[in-house]
> 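I have a structure I would like to understand better, so I am pasting it below and will then ask my questions one at a time.
What you see below is based on every heavy atom in this structure, not just the backbone, and it leaves out hydrogens, waters and symmetry mates. Bear in mind that the values here come from a model prediction, so they are computed numbers and not experimental data. All ligand and atom numbering here is 1-based and tracks the order in the structure.
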Amino acid sequence: METLRLPTSDPAAIKPPPVRWQRELAAAYRIPDELIARLNLPETCREPAQRAASLFPLMLTESYAARMRPGDLTDPLLRQVLPLHAETESASGFTTDAVGDHAAQLAPGLLQKYAGRALLIATGACAIHCRYCFRRHFPYGDAPRKLDDWEPALAALRADESIREIILSGGDPLMLTDRRLAELIALLAEIPHLQRLRIHSRLPIVLPSRVTDDLLELLTTSRFSVIMVVHANHPRELDLDCGPALRRLVRAGIPTLNQAVLLRGINDDANTLTDLCERLVDLGVLPYYLHQLDRVTGTAHFEVAEAVGLSLIRELQRRLPGYAVPRYVREEAGQAQKSPIVNTSND
Ligand SMILES: *Cc1c(COP(=O)(O)O)cnc(C)c1O
Ligand code: SF4
């Protein structure tokens, strides 16, 4: 709860005017009718979209919509954001905490599953709602956290010297304002055993204007080695203003990696994945992981069989240099790492 204060008593209470990315975010599509009108989609998708959006609201930016083909319900970018009737159906084996996040909490908002690195949920908010995301069930609100809220997580980090890397995740940590992000990074930088700061963000893909000079300055002047992990699933996500934003990250000297999720009807063919990997590499971004879908309620229609995923990876290995082939992994509760998928014979 916010405490009451006079607006002028605290300089922090005076809000600076919104910058471009914040204006674009404020104008994001949040109701199906707006998106249907923007893209000339058929009337028949209106009602199912409204129903599925009541479970997990629609959200996407105009920048992302601009990379879609109007009128095409099969567009691979649209498929990632348009609520569908299939989301309201249950499927066996699909649950609301498929990856064991609940058991991995060190402190509120701090997860540790793997040695040497911990993951901080910097905010629950995102600039896009990806229909396949585990987040559709995660119990956090969209309100940005206050600095005090991080104190238990910071205390847990201070107490464990084995943690060398802190991963800012969410939601999307770049939804924080530069000022809030700078404050958080400064607090983390006071913890001497933390060496690396990793940022997991989809904003450079879905809201490229977030990659401002100020952000680059902030990331390149901290004492940490900074690593950026972005999230694009289809080569067309790299169109228009996205490519230049990724290049700016890379040219600023920030190692930038991509993780993708294998999604039925979106990127489950060798040509699409090859194109995605090549275009990333050409922008200076290395393919890191290709994730098997987490089995989260409402996402069964996106699932691709592991045998199919494996044959796609083998095809990528035939076509691409080794560094351009992502590691195909699944996340299993209780494992010491993301589990490499190498054979499916006895699953
Ligand atoms: C995925 C994940 C990481 C990062 O794993 P890497 O293999 O280092 O990329 C760290 N912590 C949690 C809780 C994760 O889910
Ligand atoms: S956490 Fe990532 S995958 Fe999930 S909705 Fe947000 S941007 Fe999409």
Side-chain angles (χ1 to χ4, degrees), residues 25 28 30 53 55-61 64 77 79-83 87 97-107 109-138 140 142 153 156-157 160 162-175 195-207 210 227-234 237 255 257-263 266 286-294 296 298-299 302 326-340:
L25 196 60
R30 293 163 201 268
L55 298 175
F56 180 45
L58 171 133
M59 183 167 186
L60 69 147
T61 58
Y64 197 68
L77 279 60
R79 289 286 318 271
Q80 296 180 48
V81 297
L82 183 69
E87 295 174 27
D97 182 22
V99 294
D101 276 353
H102 220 74
Q105 293 237 16
L106 282 186
L110 184 70
L111 304 180
Q112 189 181 17
K113 292 188 188 173
Y114 309 135
R117 55 230 198 262
L119 185 150
L120 186 68
I121 294 166
T123 168
C126 291
I128 181 172
H129 286 175
C130 311
R131 308 311 298 178
Y132 51 85
C133 181
F134 67 92
R135 191 177 172 271
R136 47 187 303 132
H137 305 290
F138 206 81
Y140 41 42
D142 279 353
L157 287 169
D160 186 346
S162 73
I163 299 174
R164 313 301 298 274
E165 175 168 352
I166 182 70
I167 302 170
L168 299 186
S169 183
D172 199 308
L174 293 185
M175 291 289 279
Q195 296 300 324
R196 293 182 301 275
L197 173 73
R198 195 195 314 181
I199 297 179
H200 279 185
S201 176
R202 192 145 157 67
L203 261 63
I205 308 296
V206 302
L207 186 63
R210 179 67 186 94
I227 296 138
M228 181 71 67
V229 181
V230 299
H231 170 182
N233 303 308
H234 189 279
E237 287 175 70
L257 310 172
N258 183 64
Q259 49 187 346
V261 181
L262 183 58
L263 297 165
I266 292 169
L286 289 180
Y288 180 36
Y289 282 140
L290 178 66
H291 290 271
Q292 181 66 12
L293 183 77
D294 295 328
V296 167
T299 66
F302 285 118
R327 291 162 210 140
Y328 183 34
V329 293
R330 82 172 96 91
E331 194 157 329
E332 287 175 297
Q335 294 298 305
Q337 61 182 92
K338 310 245 186 257
S339 310

> Backbone, side chain, both or neither: what part of R117 comes under 4.0 angstrom of ligand 1, heavy atoms only?
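The answer is the side chain of R117.
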> Tell me yes or no: between the side chains of Q335 and Y114, is some donor less than 3.5 Å from an acceptor?
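There is no such pair between these side chains.
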> N/O/S of C130 less than 2.8 Å from atom 8 (Fe) of ligand 2?
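An N, O or S atom of C130 is closer than 2.8 Å to atom 8 (Fe) of ligand 2, so yes.
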> Check if I128 has a non-hydrogen atom at a distance under 4.0 Å from any atom of ligand 2.
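Within the 4.0 Å threshold, so yes.
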> Any N/O of Y114 closer than 3.5 Å to an N/O of ligand 1?
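No; every N/O pair is 3.5 Å or more apart.
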> Tell me: protein heavy atom nearest atom 9 (O) of ligand 1, and distance?
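Ranking protein heavy atoms by distance from atom 9 (O) of ligand 1, first comes Y288 OH, 2.6 Å.
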> N/O/S atom of C126 under 2.8 Å from atom 4 (Fe) of ligand 2, yes or no?
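No, outside the cut-off.
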> One residue to check: E331. Relative to ligand 1, which of side chain, backbone, both or neither has a non-hydrogen atom less than 4.0 Å away?
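It is the side chain that touches ligand 1; the backbone stays farther off.
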> Taking only heavy atoms of R202, which atoms of ligand 2 are found under 4.0 Å from at least one of them?
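Per the distance check, 7 (S).
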> Any heavy atom of R198 sitting closer than 4.0 Å to ligand 1?
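Yes, that is the case, since the closest heavy atom of the residue is under 4.0 Å from the ligand.
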> Numbering the atoms of ligand 2 from 1, which are under 4.0 Å from a heavy atom of H231?
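Result: 3 (S).
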> Once you restrict to heavy atoms under 4.0 Å, what part of I167 touches ligand 1? Side chain, backbone, both or neither.
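Side chain only; the backbone of I167 stays clear of ligand 1.
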